[in-house]
2 protein chains.
Amino acid sequence: MNIGEASGRSGLPAKTIRYYEDIGLIRPDRSDNGYRDYGADDVHKLRFLHRSRSLGFSVEECRQLLALYEDKSRASADVKDIAATKLTEIDRKIRELTELRRTLEHLVHACHGNERPDCPILEELSEG
Amino acid sequence: MNIGEASGRSGLPAKTIRYYEDIGLIRPDRSDNGYRDYGADDVHKLRFLHRSRSLGFSVEECRQLLALYEDKSRASADVKDIAATKLTEIDRKIRELTELRRTLEHLVHACHGNERPDCPILEELSEG
DNA sequence: TATGAACCTTCCTGTTACTGGAAGGTCAAG
DNA sequence: CTTGACCTTCCAGTAACAGGAAGGTTCATA
């Protein structure tokens with residue numbers, strides 16, 4: 001498929017997809033006319049990149065995650081180390097998002113119009 | 001407190017804290033010697049910024065969240081709209097992180113050394 | 001067959017959100 | 001009174017894109 005369809009299916013702008021090729025994250029085929037030609041596997045990777053980027057992982061971290069995902073010898077120790085590290089990070093992110101969610105919900109439902117110094121939520125914002 | 005301590009307590013580099021002042025996210029006092037002087041409230045905001053940035057919110061989104069947090073008239077409709085939108089985004093992020101977590105755990109525990117085409121996890125990576 | 005819209009290509013510039021470093025002022029300790 | 005660890009501003013560089021120009025491709029329609 002062409003870049004437009006890959007863009008539609010992955011949610012990433014075509015510009016970004018070309019950029020990811022520039023920095024070596026993906027390597028699509030080329031058709032005879034010179035157009036990039038993406039397969040289902042490429043779209044999987046692009047969706048994966050779209051997600052992990054939007055969740056606050058850097059491009060270099062995404063590169064590691066992709067390598068993990070592509071690595072043929074998954075049993076190797078360092079690959080497992082990277083995965084374990086990422087798991088810890090993911091758990092932290094989930095915890096922080098949950099707290100942020102709780103805080104926002106308080107802001108909307110509980111704290112309707114109170115002046116700031118009286119509001120106990122202000123403290124919660126910075127804890128953890 | 002000086003910027004060094006604010007940096008230590010918030011987890012943000014001093015450089016970044018100065019940048020956030022440049023773009024108007026925070027407004028610390030100044031001591032007589034010209035040094036920036038941060039209060040507990042500033043540190044709260046900085047920790048908040050540190051978190052929400054690392055969770056994939058843009059600086060402009062963080063500015064909205066901060067405004068929400070500072071707004072004296074929290075009952076206003078548009079403030080509630082912004083909060084509701086952010087809550088939806090947060091829920092999506094939590095779902096995606098949970099899926100990513102599951103996938104990584106499979107990669108580490110279940111899929112030890114299989115060749116790629118045989119591994120059912122590859123499909124999971126792009127769904128949702 | 002041609003012409004126009006909707007694709008695609010590369011290349012170059014601009015933006016966002018920092019990051020590093022130079023040049024120099026401030027402060028507490030020895 | 002100097003040394004080292006702070007702090008200041010300013011300017012340049014990087015990361016991760018985004019916008020747009022200039023031009024080739026494809027396909028439906030006149």
Side-chain angles (χ1 to χ4, degrees), chain A residues 1-40 42-43 45-67 86 89 93 96 100, chain B residues 1-40 42-43 45-67 86 89 93 96 100:
Chain A
M1 76 192 75
N2 286 346
I3 200 170
E5 194 176 340
S7 168
R9 292 195 190 183
S10 67
L12 285 171
K15 282 273 180 187
T16 303
I17 297 179
R18 289 194 197 96
Y19 173 71
Y20 287 166
E21 184 179 350
D22 280 354
I23 62 174
L25 284 182
I26 43 166
R27 303 202 173 277
D29 289 344
R30 292 279 176 154
S31 307
D32 290 346
N33 56 15
Y35 288 13
R36 290 167 178 85
D37 184 21
Y38 298 88
D42 293 317
V43 174
K45 290 186 199 173
L46 290 173
R47 291 178 68 99
F48 179 76
L49 286 168
H50 183 37
R51 266 200 201 172
S52 29
R53 285 292 294 129
S54 87
L55 294 171
F57 291 100
S58 73
V59 164
E60 282 318 301
E61 288 173 318
C62 290
R63 197 190 294 276
Q64 288 187 336
L65 288 169
L66 259 193
K86 295 301 170 199
E89 280 177 52
K93 279 173 190 286
E96 291 180 354
L100 186 58
Chain B
M1 79 194 74
N2 286 346
I3 201 171
E5 194 176 340
S7 167
R9 291 196 190 183
S10 68
L12 285 171
K15 281 271 180 187
T16 303
I17 296 178
R18 291 196 196 95
Y19 173 71
Y20 286 166
E21 184 180 348
D22 280 355
I23 62 173
L25 283 182
I26 43 166
R27 305 203 171 275
D29 289 345
R30 292 279 176 155
S31 306
D32 290 347
N33 55 14
Y35 288 13
R36 288 168 180 84
D37 183 23
Y38 298 88
D42 293 318
V43 175
K45 291 186 199 175
L46 290 172
R47 292 177 68 100
F48 179 75
L49 286 168
H50 183 38
R51 268 201 199 170
S52 31
R53 284 293 294 129
S54 87
L55 294 170
F57 291 101
S58 74
V59 164
E60 282 317 302
E61 288 173 320
C62 290
R63 195 190 297 274
Q64 288 187 337
L65 287 170
L66 259 192
K86 295 301 171 201
E89 279 177 52
K93 280 174 190 286
E96 291 180 354
L100 186 58

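Just so it is clear, the model here is predicted, and its values are computed rather than measured.
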What is the minimum heavy-atom distance between A:Ala6 and A:Ile17, and which atoms define it?
C-CD1, 4.1 Å
At their closest point, which heavy atom of A:Glu96 faces which heavy atom of B:Ser54, and how far apart are they?
OE1-OG, 3.9 Å
For D:dT26, does either OP1 or OP2 sit under 4.0 Å from a side-chain N or O belonging to A:Asn33?
yes
Looking at B:Cys62 and B:Ser52, what are the two nearest heavy atoms and their distance?
SG-OG, 3.6 Å
Which angle, rounded to 10°, do you find between the first-five-pair axis and the last-five-pair axis of the helix from C:dT1-D:dA30 to C:dT15-D:dA16?
10°
Applying side-chain hydrogen bond (donor to acceptor under 3.5 Å, both in side chains), can you list everything that pairs with A:Arg36, at least two apart in sequence or on another chain?
A:Glu21
In whole Å, I'd like the distance from the CD atom of B:Glu60 to the C1' atom of D:dA18.
16 Å
Check the pair B:Leu65, B:Lys86 against side-chain contact (heavy atoms from CB on, under 4.5 Å), reporting the backbone distance first and the verdict last.
CA-CA 8 Å; B:Leu65 287 170; B:Lys86 295 301 171 201; 3.7 Å; yes
Which whole-number value in Å describes the distance from B:Arg30 CZ to D:dC7 P?
12 Å
By the definition side chain to side chain contact (heavy atoms under 4.5 Å, CB included), identify the one residue from A:Arg27, A:Lys45, A:Arg53 that meets it with A:Tyr20.
A:Arg53
Ion pair check, A:Glu60 and A:Arg63, cut-off under 4.0 Å:
yes
Nearest-nucleotide wise, let me know which of B:Gly4 and A:Tyr35 is further upstream toward the 5' end of DNA chain D.
B:Gly4
Show every side-chain hydrogen bond (donor to acceptor under 3.5 Å, both in side chains) that has at least one partner inside residues 10-19 of chain B, sequence neighbours left out.
none
Let's see if you get this right: which residues in residues 8-26 of chain B place a heavy atom under 4.0 Å from DNA chain C?
B:Pro13, B:Lys15, B:Thr16, B:Tyr19, B:Tyr20
Closest non-hydrogen contact found for B:Asn2 with B:Tyr35 is ND2-CD2, 3.8 Å
Chain B vs DNA chain C, heavy-atom contacts under 4.0 Å, first-to-last nucleotide span, 5' to 3', is C:dA17 to C:dC27
Residues at least two apart in sequence or cross-chain that pass side-chain hydrogen bond (donor to acceptor under 3.5 Å, both in side chains) with B:Arg9, listed by chain then number, are B:Glu5
Whole angstrom is fine here: how far is it from CG in B:Asp37 over to P in D:dC6?
17 Å
